[in-house]
Each structure stands twice: as C-alpha cells, then as structure tokens.
Amino acid sequence: GGGGYTREHESHFRNFCGARQRLTCILGDSQHPDVVERVRAATEGVPVDMMLIDGDHSYEGVSKDFANYRSLVREGGMILFHDIQPPPPETAQPMGVWRFWREIRDDYRHTEIIHDPDQFSAGIGVLYV
C-alpha cells in the first residue's frame, strides 16, 4: 500500500543504531518465502526484542506478516503494528491493520499509542508477547 524503502534509506537507518546494535536491511515483499527466509537467517537464531509490522496494510498482509514473523520475537519482547486506526468508510485503500489489531490485541498485554483518535490510518499498537 505504500512506497516502501530503497537502498538509499539504509545509511539513514544506521544513524538510529547504538554502538552494539546491528542493522540488516532486507528489501522485498515481506510475505514472499525468500524474504521470510532471509529475515530468519539475518537473526541467526537469536530472538529479537522488538519487531515493527508496517507492510501492505491489508488484513491479509498484516495477518501473514504476524504469522511469518511472530516466532522471531523473544518472550517478553514487543511487536508493534503501524496504522491501527480504522479508515473512513469512503477510503479505497484496503486498510485492514485496524481490524487485525482489534482481533488479536486482547489476547496479549498491549498498549495503544494514538495521538489523534480522529486521524485514520495512524497510531501504533504494541503487543507484549
């Protein structure tokens, strides 16, 4: 649903890393089996502390991303979902994150970060897994 990232973004993202942190950028369709395997390989079997799911924003896309990557997050870690606010009825985009979020949030300890409740396609949902 969005524009995605390019190789040029990688150097910018590295600015957010601490001295002992490592960044691995993997460009591609997050649901493609090769990309899923590349992400798994990049973790080297070490569970991650936090994962941000901000993919194609469709219900099917976010649910597949959650299914594909949930096991990579350590117990006690966090999975963040972007765009948990529902869109207005007239929107043509397949915004389904909000629906998926509402289905799973009560199965976990969670936090919602919403600056403006009237702004659609915004907000961060945090699951503590």
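Positions are given from 1, in the same order as the sequence printed here.
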Linked, directly or transitively: [X] and [Y] (ILVMFWY side chains, under 4.5 Å):
| X | Y | answer |
| --- | --- | --- |
| Met78 | Leu127 | no |
| Val126 | Met50 | yes |
| Val36 | Leu72 | yes |
| Val39 | Leu52 | no |
| Leu80 | Ile84 | no |

Exercise for review: Could you pull out all residues at least two apart from His12 that satisfy ring pair (Phe, Tyr, Trp, His ring centres under 6.0 Å)?
Suggested key: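 For His12 the ring pair (Phe, Tyr, Trp, His ring centres under 6.0 Å) partners, ignoring immediate neighbours, are Phe16.
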Check your understanding: Which heavy atom in Arg22 sits nearest to a heavy atom in Ala42, and how many Å separate them?
Key ->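 Scanning both residues completely, I find the closest heavy atoms to be NH2-O, 2.6 Å.
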Exercise for review: Compare every heavy atom of Cys25 with every heavy atom of Phe13, then report the nearest pair and how far apart it is.
Suggested key: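 Closest approach of Phe13 to Cys25, heavy atoms only: CD1-SG, 4.4 Å.
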Point to revise | Phe100/Phe66 aromatic ring centres below 6.0 Å | key: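 Yes, ring centres under 6.0 Å apart.
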Exercise for review: Determine whether the side chains of His110 and Asp107 contain a donor N or O and an acceptor N or O closer than 3.5 Å.
Suggested key: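 Note: His110 and Asp107 side chains miss the donor-acceptor criterion.
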Check your understanding: Any side-chain donor paired with an acceptor under 3.5 Å for Thr24 and Arg38?
Key ->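 No, no side-chain donor-acceptor pair sits under 3.5 Å.
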So how far is it from [X] [atom1] to [Y] [atom2], rounded to the nearest 0.5 Å?
| X | Y | atom1 | atom2 | value |
| --- | --- | --- | --- | --- |
| Asn68 | Glu37 | CG | CD | 11.0 Å |
| Gln21 | Asp49 | CD | CG | 9.0 Å |
| Arg105 | Thr111 | CZ | OG1 | 12.0 Å |
| Ile53 | Ser30 | CD1 | OG | 8.5 Å |

Exercise for review: Check each of Ile104, Asp65, Ile124 against Phe81 using the side chain to side chain contact (heavy atoms under 4.5 Å, CB included) test, and report the only one that passes.
Suggested key: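 Answer to the side chain to side chain contact (heavy atoms under 4.5 Å, CB included) test with Phe81 among Ile104, Asp65, Ile124: Ile104.
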**Study point:** Side chain proximity check, Arg40 to Ser71, heavy atoms < 4.5 angstrom
**Key:**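 Sidechains of Ser71 and Arg40: in contact.
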Check your understanding: Is any side-chain heavy atom of Gln85 closer than 4.5 Å to a side-chain heavy atom of Glu112?
Key ->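 The answer is no; the side chains never approach within 4.5 Å.
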Review point. Step by step, would you call Glu60 with Lys64 a salt bridge (Lys or Arg N to Asp or Glu O under 4.0 Å)?
Key: CA-CA 6 Å; Glu60 295 77 15; Lys64 285 180 185 176; over 6 Å; no
Point to revise | Residues in side chain to side chain contact (heavy atoms under 4.5 Å, CB included) contact with Val48, at least two apart in sequence or another chain | key: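 Result, side chain to side chain contact (heavy atoms under 4.5 Å, CB included) vs Val48: Thr43, Met51, Val73.
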Practice item. Could you list who else is in Trp98's hydrophobic cluster, with ILVMFWY side chains joined at under 4.5 Å, directly or through other members? Key: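 Members besides Trp98: none; it forms no cluster.
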Exercise for review: Step by step, work out the side-chain hydrogen bond (donor to acceptor under 3.5 Å, both in side chains) result for Glu75 and Tyr128.
Suggested key: CA-CA 8 Å; Glu75 177 124 2; Tyr128 301 94; over 6 Å; no
